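Every chain is numbered from 1 and lettered A, B, ... according to where its sequence line falls, protein lines coming before strand lines. The shown structure was predicted, so the numbers you read here are calculated from the model rather than taken from an experiment.
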Number of protein chains: 2
Amino acid sequence: MRMDEQTRAPRPSGTGELFQLLRDGQPRTRSDLASVTGQSRSTIATRVDLLLSSGLVSPAGEASSTGGRPPATFAFNPAARVVLAVDLGATHARLAVTDLAGTVLAEHGEPISIGAGPAVVLDRVVEIGLDLLVAAGRPQSDLVSVGVGLPGPVEHSTGRPINPPIMPGWDDADVPGLLRSRLHVPVLVDNDVNLMALGEHTSQWRGVDHLLYVKVATGIGAGIISDGALRRGAQGAAGDLGHVAVPGGQDRPCRCGNTGCLEAVASGPAIAGELRARGLDATTSADVVALVRAGDLTASHAVRDAGRSIGGVLAACVSLLNPSVIVVGGQVAEAGEHLIAGIREVVYRRSLPLATQHLRIVATRTGAEAGVLGASAMAAEHVLSAAAIDTLIA
Amino acid sequence: MRMDEQTRAPRPSGTGELFQLLRDGQPRTRSDLASVTGQSRSTIATRVDLLLSSGLVSPAGEASSTGGRPPATFAFNPAARVVLAVDLGATHARLAVTDLAGTVLAEHGEPISIGAGPAVVLDRVVEIGLDLLVAAGRPQSDLVSVGVGLPGPVEHSTGRPINPPIMPGWDDADVPGLLRSRLHVPVLVDNDVNLMALGEHTSQWRGVDHLLYVKVATGIGAGIISDGALRRGAQGAAGDLGHVAVPGGQDRPCRCGNTGCLEAVASGPAIAGELRARGLDATTSADVVALVRAGDLTASHAVRDAGRSIGGVLAACVSLLNPSVIVVGGQVAEAGEHLIAGIREVVYRRSLPLATQHLRIVATRTGAEAGVLGASAMAAEHVLSAAAIDTLIA
């Protein structure tokens, strides 16, 4: 018997593509889907059934009807699966199990030493991850992917750190391979600041297509959202602003060997160094924040000065990228308005009116959660693409 | 008779999407297309017939066969339609009629005065455009779109200039409307430097996903290709580097009211000013280039110094965007290696190794053609999208 082409099993790829239409969460009828895709009703019915049985799409009630039995509607169900989001810093790890929309189901933070190396640190990540699945009440079979942020440059296509300055033992480590061998799902890895930008954008600024996220802490770095997506550059090194020359900062030596680098002038430790020179007791970003919060005027002036230096570099970034929002995060930003006030002062003075007339410069809304939210968004995005959905429901 | 779903006329949108598969120019059989899309052979046959009758797809010979009659193949035929590419500068216009792959069929350049205003200038553009169609031997019905580059900021979504400093009378002018009323096809407008970046990328660097094009002339500006596409920023002002502060340039007043702007230090007129101060006779970029070509060492040193200042700003751009290629164009680049040597010197010294280890800094390969090639690419891209193809063949 010749098989009618129409009744062949639909190609899996069509199901993943159909799912893309449902990702916005709006309920749709089978008939809506047939009319948008041009696919036959029988094909749509089969594909919707596949998605329903996977749980990724759920019944969403009945549509209104002009007569007769109202048709059933369907929508994306982000609670159907979970991802593990991992944000690793030099001295601190934060992990969360979230659903596919970034809703945190269980979360844990603890001090780590990144210098203990990938074997030790990633072992602990797996341990915490499995605990968090239990805490969230989800079986391991619900876990579909892992997103990891690392405090250094990462080749995003392979997930391997590249000469990370503060991560001894991690150069070229197969982070995805190590985690995948234990958790058996795809693992995506990126630089922590990129993920902070992604987390802030996904959770707070979805309607904004051009956003720059700047982290001011021990280091200074940026993550770029342009035309709605994270831009990593050719080697994944985009946003690496710490060693850009600051106008007027020429006399300050930097650990990189150059002088006048932004980090040597305006990072948490650089501000602390300024304060020590004025007789105050400060070494870290936290010390600086504590002094400002205690009302120390020298400290708040120093933070504002650092903001001006950062503003000088960001003015160039504004001219180059023309973002509509700059989000300022990182530990030094916790000192309050002083940092942003200094940044604003110089950016608005040094950039052309066309680039600044609609520009907002704001403090992070996600704070220390930004990295985990970004890791979750990256991990979820990976499994929700058309091709990945086909694999997931195969 | 109930209409079998399979034999319904295929929805036009499906034809445009099918065409996307053929855009790479590779010949494919109907059976190839059916297997990639999962569409039935009868649907494919109908859609291929629509594309064949439009001329946008042509027979491309026979595929090899394992037995029986070899199947026919089809491929995109970029010669089927033409676009008008328009590059307007302050004092010069360059226009070309090209096919949909950017092959120039007829071309014309002439002096204009942009300050004559949109009515006068665009009248002349229409006149030349119609002449070029005749010269190319193509009827006006073959023209499918127009791409226009303007020497100032443009809101790309509306095609209107926004407060362009050197284009009196053009602010908010409805450039697309004015041209469309005469030529009756879609008109796309962008800033000239963006189109130079697009032209250089499309014609010379298709495999490179991260490229920065820098124009050094009366003004200094950049066009950004990131993840393979032109990035215009929130107001279309991305790449506007002319008024970024140059470290060490603080004493130079700029026409914008600030001091130390890149244009005040390193543009053609700024270099000419330096040379006049040393007793040489120079006012424009062309004068500077002429002196360097005549072997004047003061002039070539001044151009190299300008390169160093531009390099200082580009080092920050490299840190921010991590491109793999920087293309240097514009009239001052015609002075030869001096400009690029100065740029290279500072970029490689001031950027982190990860960002520069695979970075190439090269002279434009398309020269004064870059803008027209970019205008052509933008115009062709617009009509070759899935939705536009559906309109075109409807």
Below 4.5 Å from any heavy atom of chain A, which atoms of B:Leu230 appear? Answer side chain, backbone, both or neither.
backbone
With a 4.5 angstrom heavy-atom cut-off, could you sort out which part of A:Ile225 is near chain B: side chain, backbone, both or neither?
neither
Just give me the residue among B:Ala355, B:Gly242, B:Ala245, B:Ser324 that pairs up with chain A most often, heavy atom to heavy atom, under 4.5 Å.
B:Ala245
Ranking B:Arg350, B:His243, B:His358, B:Arg232 by heavy-atom pairs under 4.5 Å to chain A gives rank one to B:Arg350
Ignoring hydrogens and geometry, is there a side-chain-to-backbone donor-acceptor pair from B:Asp227 to A:Gly233 under 3.5 Å?
no
Of the listed residues (B:Asp209, B:Val325, B:Leu212, B:Ile224), which shares the most heavy-atom pairs with chain A below a 4.5 Å separation?
B:Ile224
Given 3.5 Å as the limit, does a donor-acceptor pair link the side chain of A:Asn258 with the main chain of B:Arg349, or not?
yes
Chain B contact via A:Leu320 - side chain, backbone, both or neither, heavy atoms under 4.5 Å
both
Max heavy-atom pair count under 4.5 Å with chain A, selected residue of B:Leu359, B:Leu352, B:Val246, B:Val318:
B:Leu352
Between A:Leu321 and B:Arg231, does a side-chain contact (heavy atoms from CB on, under 4.5 Å) hold up when you go through it step by step?
CA-CA 8 Å; A:Leu321 290 174; B:Arg231 305 296 165 192; over 6 Å; no
How long is the span from the CG atom in A:Asn322 to the CD atom in B:Gln235, to the nearest 0.5 Å?
5.0 Å
Please rank A:Gly312, A:Ala229, A:Cys317 by heavy-atom pairs under 4.5 Å with chain B and give me the top one.
A:Cys317
Out of A:Leu262, A:Leu241, A:Asn163, which one racks up the most heavy-atom pairs below 4.5 Å with chain B?
A:Leu241
What part of A:Asp240 gets within 4.5 angstrom of chain B, counting heavy atoms only: side chain, backbone, both, or neither?
both
